[in-house]
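Data first, discussion second: the structure below is written as structure tokens.
Worth saying up front: this structure is predicted, and the values here are computed from it rather than measured.
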Amino acid sequence: MPSTPRQALLRAAPAAALLLLALAACSNNTPDSPSPGASSSSAGRQETAASGTPSRSDRNTAMDIRVTLDGRAVDATLNDSPAARDLATLLPLTLDLKDFHGTERIGDPPRKLTTDGAPEPSAPRVGDIAYYAPWGNLALFYQDGPSASSDLLILGHIDVAADQLAQAQRITIEPAS
């Protein structure tokens with residue numbers, strides 16, 4: 001049964017308020033941290049393998065992908081979620097990136113991805129490739145992200161230093177050959 005616009009707005013309001021609180025709580029206003037508007041590129045987060053912490057994509061890897069950040073090749077994988085498989089149907093894909101909230105680099109794919117069968121929410125970590133469903137954008141986290149949200153789907157992981165992700169202006173994602 002279709003919902004009215006008012007019902008849809010009432011259902012979305014608590015999630016939007018929670019997201020705003022999470023973003024505000026995660027802001028880092030120290031002089032050493034980049035400001036959200038300081039850079040024109042975005043994407044990425046998750047620590048490199050040197051951290052010793054396995055990424056979520058290590059636990060559920062579906063496919064290797066070839067990623068180039070600003071012309072430099074980096075290792076990356078997508079997990080086996082429906083959204084990650086949907087992203088794979090768009091490859092090859094090149095996106096311009098911009099900074100968001102001093103935490104992640106974001107870019108806009110040509111269409112929204114499926115959110116059907118989304119896994120349990122988990123908080124993003126440095127190096128995670130994620131999809132923010134309400135806005136339809138990809139995010140590459142270079143800082144650990146806010147708390148878990150059902151609107152943020154972890155799609156995989158990129159193995160690169162956080163500072164390289166923080167400065168990335170353009171990403172190209174291709175199937176691994």
Side-chain angles (χ1 to χ4, degrees), residues 11-12 15 18-19 22-23 26 41-98 100-101 103-162 164-166 168 170-177:
R11 281 194 309 270
L18 190 59
L19 176 63
L23 289 174
C26 292
S41 65
S42 133
R45 104 170 174 53
Q46 184 72 354
E47 296 191 11
T48 63
S51 71
T53 305
S55 70
R56 278 177 291 288
S57 62
D58 290 340
R59 295 187 293 256
N60 192 19
T61 299
M63 77 171 80
D64 289 327
I65 52 177
R66 190 170 56 220
V67 171
T68 306
L69 284 177
D70 298 329
R72 295 169 52 188
V74 296
D75 292 331
T77 57
L78 291 179
N79 61 35
D80 195 28
S81 69
R85 289 192 305 266
D86 195 18
L87 174 64
T89 68
L90 298 175
L91 304 182
L93 182 64
T94 298
L95 302 173
D96 290 324
L97 302 171
K98 60 186 174 187
F100 183 75
H101 207 259
T103 303
E104 62 199 84
R105 306 295 287 170
I106 61 172
D108 298 310
R111 66 168 171 79
K112 288 194 169 196
L113 303 177
T114 185
T115 57
D116 293 340
E120 287 296 314
S122 58
R125 296 180 294 192
V126 173
D128 278 347
I129 302 168
Y131 176 68
Y132 185 62
W135 295 348
N137 64 2
L138 289 181
L140 303 172
F141 284 84
Y142 62 87
Q143 298 285 333
D144 286 345
S147 60
S149 164
S150 61
D151 290 332
L152 186 68
L153 287 66
I154 306 300
L155 304 179
H157 182 79
I158 187 167
D159 295 319
V160 67
Q164 184 179 349
L165 275 175
R170 177 171 264 199
I171 186 172
T172 299
I173 308 170
E174 301 171 288
S177 42

Could you pull out the closest heavy-atom pair between [X] and [Y], with the gap in Å?
X	Y	value
G156	N79	N-ND2, 3.8 Å
K112	W135	CE-C, 4.4 Å
A123	P146	CB-O, 3.3 Å

Rounded to the nearest 0.5 Å, how far apart are [atom1] of [X] and [atom2] of [Y]?
X	Y	atom1	atom2	answer
I171	T68	CD1	OG1	8.5 Å
I129	L138	CD1	CG	8.0 Å
Y131	T115	OH	OG1	7.5 Å
D96	R170	CG	CZ	4.5 Å
I154	L78	CD1	CG	12.0 Å

With sequence neighbours left out, write down each residue that passes side-chain hydrogen bond (donor to acceptor under 3.5 Å, both in side chains) with E174, or none if nothing qualifies.
R66

T94: what forms a side-chain hydrogen bond (donor to acceptor under 3.5 Å, both in side chains) with it, not counting sequence neighbours?
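side-chain hydrogen bond (donor to acceptor under 3.5 Å, both in side chains) check on T94 returns T172.
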
In sequence, state the C-alpha distance, the side-chain angles, and the governing distance for L95 and D108, and then conclude on side chain to side chain contact (heavy atoms under 4.5 Å, CB included).
CA-CA 7 Å; L95 302 173; D108 298 310; 5.6 Å; no

R111: partners by salt bridge (Lys or Arg N to Asp or Glu O under 4.0 Å), with sequence neighbours left out
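By the salt bridge (Lys or Arg N to Asp or Glu O under 4.0 Å) rule, R111 matches D86.
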
Residues forming a side-chain contact (heavy atoms from CB on, under 4.5 Å) with [X], sequence neighbours excluded:
X	result
A83	S81, L153, L155
P82	R85, T114
P175	L91

Per the side chain to side chain contact (heavy atoms under 4.5 Å, CB included) rule, which among I158, D159, V160 passes with V67?
I158

Which is it for Q164 and V74 under the side chain to side chain contact (heavy atoms under 4.5 Å, CB included) test, yes or no, and what are the steps along the way?
CA-CA 10 Å; Q164 184 179 349; V74 296; 4.0 Å; yes

Find out whether H101 and Q143 are in side-chain contact, i.e. whether some heavy atom of one side chain is under 4.5 Å from a heavy atom of the other.
no

